[in-house]
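No hydrogens, no waters, no symmetry mates; every other heavy atom, side chains included, goes into these values. Counting convention: from 1, in listed order, for ligands and their atoms alike.
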Amino acid sequence: MAINEYEIKKQICDIGKRIYDRNMVAANDGNISVKLNDNEFLCTPTGVSKGFMTPEYICKVDAKGNVIQANGNFRPSSEIKMHMRVYEKRPDVGAVVHAHPNFATAFAIAGIPLTQPIMPEAVIALGCVPIAEYGTPSTVEIPDNIEKYLPYYDAVLLENHGALTWSTDLLAAYMKMESVEFYAELLYKSKMLGGPKEFDKEQIAKLYEIRRKMGLPGKHPANLCAELNGPGKGCHSCDAACSCGTKKAEPDVEKIVAEVTKKILEQMK
Ligand code: 13P
(Lines give C-alpha, C1' and ligand atoms only; values in the text may rest on other atoms or scores of the structure.)
Protein backbone atom coordinates (compact mmCIF):
# COMPACT_ATOMS: atom_id res chain seq x y z
CA MET A 1 0.00 0.00 0.00
CA ALA A 2 2.87 2.37 0.83
CA ILE A 3 3.98 2.81 -2.81
CA ASN A 4 0.47 3.43 -4.09
CA GLU A 5 -0.37 5.72 -1.23
CA TYR A 6 1.88 8.53 -2.44
CA GLU A 7 0.45 8.19 -5.96
CA ILE A 8 -3.09 8.40 -4.57
CA LYS A 9 -2.15 11.52 -2.57
CA LYS A 10 -0.86 13.09 -5.80
CA GLN A 11 -4.08 12.11 -7.56
CA ILE A 12 -6.15 13.77 -4.79
CA CYS A 13 -4.10 16.96 -5.34
CA ASP A 14 -4.67 16.74 -9.12
CA ILE A 15 -8.42 16.35 -8.71
CA GLY A 16 -8.44 19.17 -6.12
CA LYS A 17 -6.76 21.45 -8.67
CA ARG A 18 -9.21 20.33 -11.32
CA ILE A 19 -12.33 21.13 -9.25
CA TYR A 20 -10.79 24.49 -8.30
CA ASP A 21 -9.77 25.36 -11.88
CA ARG A 22 -13.21 24.40 -13.19
CA ASN A 23 -15.00 26.72 -10.73
CA MET A 24 -16.52 23.77 -8.92
CA VAL A 25 -15.28 25.23 -5.62
CA ALA A 26 -14.47 28.72 -4.36
CA ALA A 27 -11.72 29.58 -1.89
CA ASN A 28 -11.30 26.68 0.59
CA ASP A 29 -14.51 24.83 -0.30
CA GLY A 30 -14.92 21.16 -1.20
CA ASN A 31 -13.32 17.98 0.01
CA ILE A 32 -12.11 14.66 -1.39
CA SER A 33 -11.47 11.23 0.10
CA VAL A 34 -10.17 7.85 -1.09
CA LYS A 35 -10.50 4.45 0.55
CA LEU A 36 -7.23 2.53 0.94
CA ASN A 37 -8.75 -0.43 2.79
CA ASP A 38 -11.58 -1.04 5.30
CA ASN A 39 -9.80 0.91 8.04
CA GLU A 40 -7.65 3.46 6.21
CA PHE A 41 -8.82 6.42 4.18
CA LEU A 42 -7.00 9.43 2.73
CA CYS A 43 -8.75 12.81 2.80
CA THR A 44 -8.16 16.47 2.10
CA PRO A 45 -7.40 18.70 5.09
CA THR A 46 -9.91 21.23 6.39
CA GLY A 47 -9.68 24.91 5.59
CA VAL A 48 -7.21 24.92 2.70
CA SER A 49 -7.80 25.66 -0.97
CA LYS A 50 -8.13 22.32 -2.71
CA GLY A 51 -6.55 23.93 -5.78
CA PHE A 52 -3.10 24.35 -4.20
CA MET A 53 -2.46 21.14 -2.29
CA THR A 54 0.69 19.01 -2.32
CA PRO A 55 0.82 15.36 -1.13
CA GLU A 56 1.96 16.24 2.39
CA TYR A 57 -1.34 18.09 2.94
CA ILE A 58 -3.30 14.83 2.72
CA CYS A 59 -4.48 13.26 6.00
CA LYS A 60 -5.14 9.62 6.83
CA VAL A 61 -8.15 8.60 8.94
CA ASP A 62 -9.77 5.39 10.17
CA ALA A 63 -13.32 4.21 9.39
CA LYS A 64 -14.70 6.48 12.13
CA GLY A 65 -12.89 9.52 10.75
CA ASN A 66 -10.28 9.57 13.55
CA VAL A 67 -6.82 10.79 12.54
CA ILE A 68 -4.25 8.09 11.84
CA GLN A 69 -1.70 10.44 10.32
CA ALA A 70 -1.60 14.18 9.56
CA ASN A 71 1.37 16.48 8.98
CA GLY A 72 1.88 19.75 10.90
CA ASN A 73 -1.36 21.62 11.54
CA PHE A 74 -3.35 19.78 8.91
CA ARG A 75 -6.57 18.19 10.18
CA PRO A 76 -9.09 16.10 8.24
CA SER A 77 -11.95 17.78 6.39
CA SER A 78 -14.75 19.07 8.60
CA GLU A 79 -17.09 16.95 6.43
CA ILE A 80 -15.27 13.66 7.02
CA LYS A 81 -18.39 12.14 8.68
CA MET A 82 -20.32 12.68 5.44
CA HIS A 83 -17.63 10.79 3.49
CA MET A 84 -17.50 8.00 6.07
CA ARG A 85 -21.26 7.45 5.88
CA VAL A 86 -20.95 6.82 2.15
CA TYR A 87 -18.18 4.23 2.68
CA GLU A 88 -20.11 2.61 5.54
CA LYS A 89 -23.31 2.14 3.53
CA ARG A 90 -21.69 1.46 0.16
CA PRO A 91 -18.84 -1.05 0.40
CA ASP A 92 -18.44 -0.82 -3.40
CA VAL A 93 -17.31 2.82 -3.14
CA GLY A 94 -13.61 3.74 -3.34
CA ALA A 95 -13.74 7.54 -3.46
CA VAL A 96 -16.02 10.48 -2.59
CA VAL A 97 -15.98 14.05 -3.95
CA HIS A 98 -17.79 17.06 -2.49
CA ALA A 99 -17.92 20.35 -4.41
CA HIS A 100 -20.07 23.41 -4.99
CA PRO A 101 -20.36 23.53 -8.78
CA ASN A 102 -22.21 26.61 -10.01
CA PHE A 103 -25.25 25.19 -11.74
CA ALA A 104 -25.75 22.10 -9.58
CA THR A 105 -25.49 24.24 -6.44
CA ALA A 106 -27.97 26.76 -7.86
CA PHE A 107 -30.48 23.90 -8.26
CA ALA A 108 -29.68 22.74 -4.70
CA ILE A 109 -30.35 26.26 -3.42
CA ALA A 110 -33.57 26.61 -5.41
CA GLY A 111 -34.66 23.21 -4.06
CA ILE A 112 -35.08 21.74 -7.56
CA PRO A 113 -33.80 18.15 -8.00
CA LEU A 114 -32.42 17.11 -11.39
CA THR A 115 -35.29 14.87 -12.48
CA GLN A 116 -35.97 15.92 -16.05
CA PRO A 117 -34.71 13.34 -18.56
CA ILE A 118 -33.10 15.53 -21.20
CA MET A 119 -29.95 13.89 -22.56
CA PRO A 120 -28.80 10.29 -23.04
CA GLU A 121 -25.54 10.53 -21.09
CA ALA A 122 -27.20 11.96 -17.98
CA VAL A 123 -29.97 9.35 -18.03
CA ILE A 124 -27.45 6.52 -18.49
CA ALA A 125 -24.80 7.74 -16.04
CA LEU A 126 -26.94 9.33 -13.33
CA GLY A 127 -30.65 8.74 -13.90
CA CYS A 128 -31.89 11.60 -11.80
CA VAL A 129 -30.18 13.45 -8.96
CA PRO A 130 -32.23 14.02 -5.79
CA ILE A 131 -31.72 16.69 -3.14
CA ALA A 132 -30.79 15.52 0.35
CA GLU A 133 -32.54 17.70 2.94
CA TYR A 134 -30.46 20.53 4.38
CA GLY A 135 -28.04 19.71 7.17
CA THR A 136 -25.61 21.90 9.08
CA PRO A 137 -22.12 21.41 7.63
CA SER A 138 -19.71 19.31 9.75
CA THR A 139 -22.53 17.78 11.87
CA VAL A 140 -24.13 14.35 11.50
CA GLU A 141 -27.17 16.05 9.96
CA ILE A 142 -25.69 15.78 6.47
CA PRO A 143 -24.66 12.09 6.77
CA ASP A 144 -28.10 11.30 8.24
CA ASN A 145 -29.88 13.14 5.43
CA ILE A 146 -27.95 11.54 2.57
CA GLU A 147 -28.32 8.02 3.94
CA LYS A 148 -31.65 7.16 2.34
CA TYR A 149 -30.31 7.99 -1.11
CA LEU A 150 -27.16 5.89 -0.85
CA PRO A 151 -28.68 2.54 -1.94
CA TYR A 152 -30.03 3.97 -5.20
CA TYR A 153 -27.77 6.81 -6.32
CA ASP A 154 -24.14 7.71 -6.97
CA ALA A 155 -24.81 11.46 -6.71
CA VAL A 156 -26.95 13.80 -4.63
CA LEU A 157 -27.42 17.53 -4.36
CA LEU A 158 -27.10 18.85 -0.81
CA GLU A 159 -29.88 21.34 -0.16
CA ASN A 160 -28.63 24.97 0.01
CA HIS A 161 -25.07 23.67 -0.11
CA GLY A 162 -23.61 21.77 -3.07
CA ALA A 163 -23.19 18.33 -4.56
CA LEU A 164 -21.74 14.98 -3.48
CA THR A 165 -20.63 12.14 -5.77
CA TRP A 166 -19.03 8.76 -5.18
CA SER A 167 -17.77 5.84 -7.23
CA THR A 168 -15.35 2.94 -7.42
CA ASP A 169 -12.26 5.17 -7.69
CA LEU A 170 -11.34 8.84 -7.51
CA LEU A 171 -11.37 9.57 -11.23
CA ALA A 172 -14.81 7.97 -11.57
CA ALA A 173 -16.16 9.91 -8.55
CA TYR A 174 -14.80 13.15 -10.05
CA MET A 175 -16.34 12.30 -13.46
CA LYS A 176 -19.70 11.91 -11.73
CA MET A 177 -19.31 15.45 -10.40
CA GLU A 178 -18.58 16.69 -13.93
CA SER A 179 -21.63 14.83 -15.22
CA VAL A 180 -23.88 16.30 -12.50
CA GLU A 181 -22.68 19.82 -13.26
CA PHE A 182 -22.99 19.40 -17.03
CA TYR A 183 -26.52 18.02 -16.62
CA ALA A 184 -27.46 20.91 -14.30
CA GLU A 185 -25.99 23.48 -16.69
CA LEU A 186 -27.87 22.08 -19.70
CA LEU A 187 -31.09 21.86 -17.71
CA TYR A 188 -30.71 25.47 -16.59
CA LYS A 189 -29.93 26.73 -20.09
CA SER A 190 -32.74 24.78 -21.74
CA LYS A 191 -35.14 26.20 -19.14
CA MET A 192 -33.96 29.67 -20.22
CA LEU A 193 -34.77 28.73 -23.83
CA GLY A 194 -38.37 27.95 -23.02
CA GLY A 195 -38.05 24.58 -21.32
CA PRO A 196 -36.38 21.30 -22.30
CA LYS A 197 -38.01 18.71 -24.52
CA GLU A 198 -38.00 15.67 -22.25
CA PHE A 199 -37.57 12.04 -23.28
CA ASP A 200 -40.71 9.92 -23.13
CA LYS A 201 -40.94 6.67 -21.14
CA GLU A 202 -40.02 4.49 -24.12
CA GLN A 203 -36.91 6.51 -24.90
CA ILE A 204 -35.87 6.29 -21.26
CA ALA A 205 -36.49 2.53 -21.11
CA LYS A 206 -34.12 2.12 -24.09
CA LEU A 207 -31.43 4.16 -22.33
CA TYR A 208 -31.83 2.09 -19.14
CA GLU A 209 -31.39 -1.00 -21.30
CA ILE A 210 -28.14 0.42 -22.72
CA ARG A 211 -26.90 1.02 -19.19
CA ARG A 212 -27.71 -2.56 -18.19
CA LYS A 213 -25.86 -3.92 -21.24
CA MET A 214 -22.84 -1.72 -20.49
CA GLY A 215 -22.64 -3.33 -17.05
CA LEU A 216 -21.65 -0.04 -15.43
CA PRO A 217 -20.62 -0.19 -11.75
CA GLY A 218 -22.48 1.67 -9.01
CA LYS A 219 -26.14 2.23 -8.28
CA HIS A 220 -28.69 3.73 -10.59
CA PRO A 221 -32.13 5.05 -9.61
CA ALA A 222 -33.67 3.20 -12.55
CA ASN A 223 -34.36 0.65 -9.83
CA LEU A 224 -36.81 3.08 -8.23
CA CYS A 225 -39.94 1.76 -9.87
CA ALA A 226 -43.01 3.93 -10.29
CA GLU A 227 -45.01 0.88 -11.37
CA LEU A 228 -44.33 -1.00 -8.18
CA ASN A 229 -44.14 1.88 -5.76
CA GLY A 230 -46.84 4.19 -7.06
CA PRO A 231 -46.94 7.57 -8.80
CA GLY A 232 -44.09 9.90 -8.03
CA LYS A 233 -41.88 7.01 -6.91
CA GLY A 234 -40.04 6.61 -10.20
CA CYS A 235 -36.76 8.33 -10.91
CA HIS A 236 -37.66 10.92 -13.51
CA SER A 237 -40.33 13.59 -13.44
CA CYS A 238 -42.26 11.57 -16.05
CA ASP A 239 -42.19 8.47 -13.77
CA ALA A 240 -40.39 6.55 -16.49
CA ALA A 241 -40.50 2.76 -16.47
CA CYS A 242 -37.96 1.24 -14.14
CA SER A 243 -35.44 -1.43 -15.02
CA CYS A 244 -37.78 -4.15 -13.85
CA GLY A 245 -40.10 -3.32 -16.78
CA THR A 246 -43.71 -4.31 -16.22
CA LYS A 247 -42.88 -6.95 -13.62
CA LYS A 248 -45.33 -6.85 -10.73
CA ALA A 249 -44.35 -7.48 -7.15
CA GLU A 250 -43.92 -11.20 -6.41
CA PRO A 251 -46.61 -12.48 -3.99
CA ASP A 252 -45.20 -13.36 -0.60
CA VAL A 253 -46.07 -17.07 -0.70
CA GLU A 254 -44.85 -17.79 2.83
CA LYS A 255 -47.00 -15.00 4.23
CA ILE A 256 -50.09 -16.21 2.37
CA VAL A 257 -49.57 -19.83 3.53
CA ALA A 258 -49.14 -18.61 7.13
CA GLU A 259 -52.33 -16.56 6.96
CA VAL A 260 -54.40 -19.39 5.41
CA THR A 261 -53.05 -21.87 7.99
CA LYS A 262 -53.96 -19.45 10.78
CA LYS A 263 -57.52 -19.08 9.45
CA ILE A 264 -57.98 -22.88 9.11
CA LEU A 265 -56.70 -23.44 12.64
CA GLU A 266 -59.07 -20.75 13.95
CA GLN A 267 -62.04 -22.45 12.21
CA MET A 268 -61.04 -25.82 13.71
CA LYS A 269 -61.23 -24.44 17.27
P1 13P B 1 -13.37 21.48 4.62
O2 13P B 1 -12.30 22.44 4.16
O3 13P B 1 -13.39 21.33 6.12
O4 13P B 1 -13.26 20.18 3.91
O5 13P B 1 -14.78 22.11 4.27
C6 13P B 1 -15.05 22.66 3.01
C7 13P B 1 -16.51 22.59 2.66
O8 13P B 1 -16.84 22.78 1.50
C9 13P B 1 -17.52 22.30 3.69
O10 13P B 1 -18.74 21.99 3.10
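The protein heavy atom nearest to atom 8 (O) of ligand 1 is Gly30 N, 2.8 Å. The protein heavy atom nearest to atom 9 (C) of ligand 1 is Glu79 OE2, 3.5 Å.
Defined by atom type and a distance below 3.5 Å, a donor-acceptor pair is present between the side-chain atoms of Tyr87 and Ser33. Using modelled atom types, one finds no donor on one side chain facing an acceptor on the other under 3.5 Å when comparing Glu7 with Asn4. With 3.5 Å as the limit, one finds a donor-acceptor pair spanning the side chains of Thr136 and Glu141. Side-chain atoms of Glu79 and Ser77 form no donor-acceptor pair, as typed in the model, at a separation below 3.5 Å.
Listed by number with element, the atoms of ligand 1 under 4.0 angstrom from any heavy atom of Asn28 are 2 (O), 6 (C). Less than 4.0 angstrom separates some heavy atom of His161 from each of these atoms of ligand 1: 10 (O). The atoms of ligand 1 that sit less than 4.0 Å from any heavy atom of Thr46 are 1 (P), 2 (O), 3 (O). Within ligand 1, counting atoms from 1 as listed, the ones closer than 4.0 Å to a heavy atom of His98 are 8 (O), 10 (O). Annotation for ligand 1: atoms under 4.0 Å from non-hydrogen atoms of Ser77 are 1 (P), 3 (O), 4 (O). Atoms of ligand 1 lying under 4.0 Å from any heavy atom of Lys50, numbered from 1 in the order shown and given with element: 1 (P), 2 (O), 4 (O).
Between Asp62 and Lys64 there is no salt bridge, since no side-chain N of the basic residue sits under 4.0 Å from a carboxylate O of the acidic one. At a threshold of 4.0 Å, the pair Asp29-Lys50 does not count as salt-bridged, since none of the basic side-chain nitrogens sits closer than that to a carboxylate oxygen.
Taking distance alone, with nitrogen or oxygen atoms compared against 3.5 Å, Gly47 approaches ligand 1 more closely than that limit.
Residue contacts with ligand 1, taken as heavy atom pairs separated by less than 4.0 Å, do not involve Pro137 at all. Neither the backbone nor the side chain of His83 has any atom closer than 4.0 Å to an atom of ligand 1 (non-hydrogen atoms only).
Counting heavy atoms from C-beta on, the side chains of His83 and Phe41 never come closer than 4.5 Å.
Closest approach of Val129 and Ala155 over heavy atoms only: CG1-O, 3.7 Å.
The closest approach between any non-hydrogen atom of Thr44 and ligand 1 is not below 4.0 Å.
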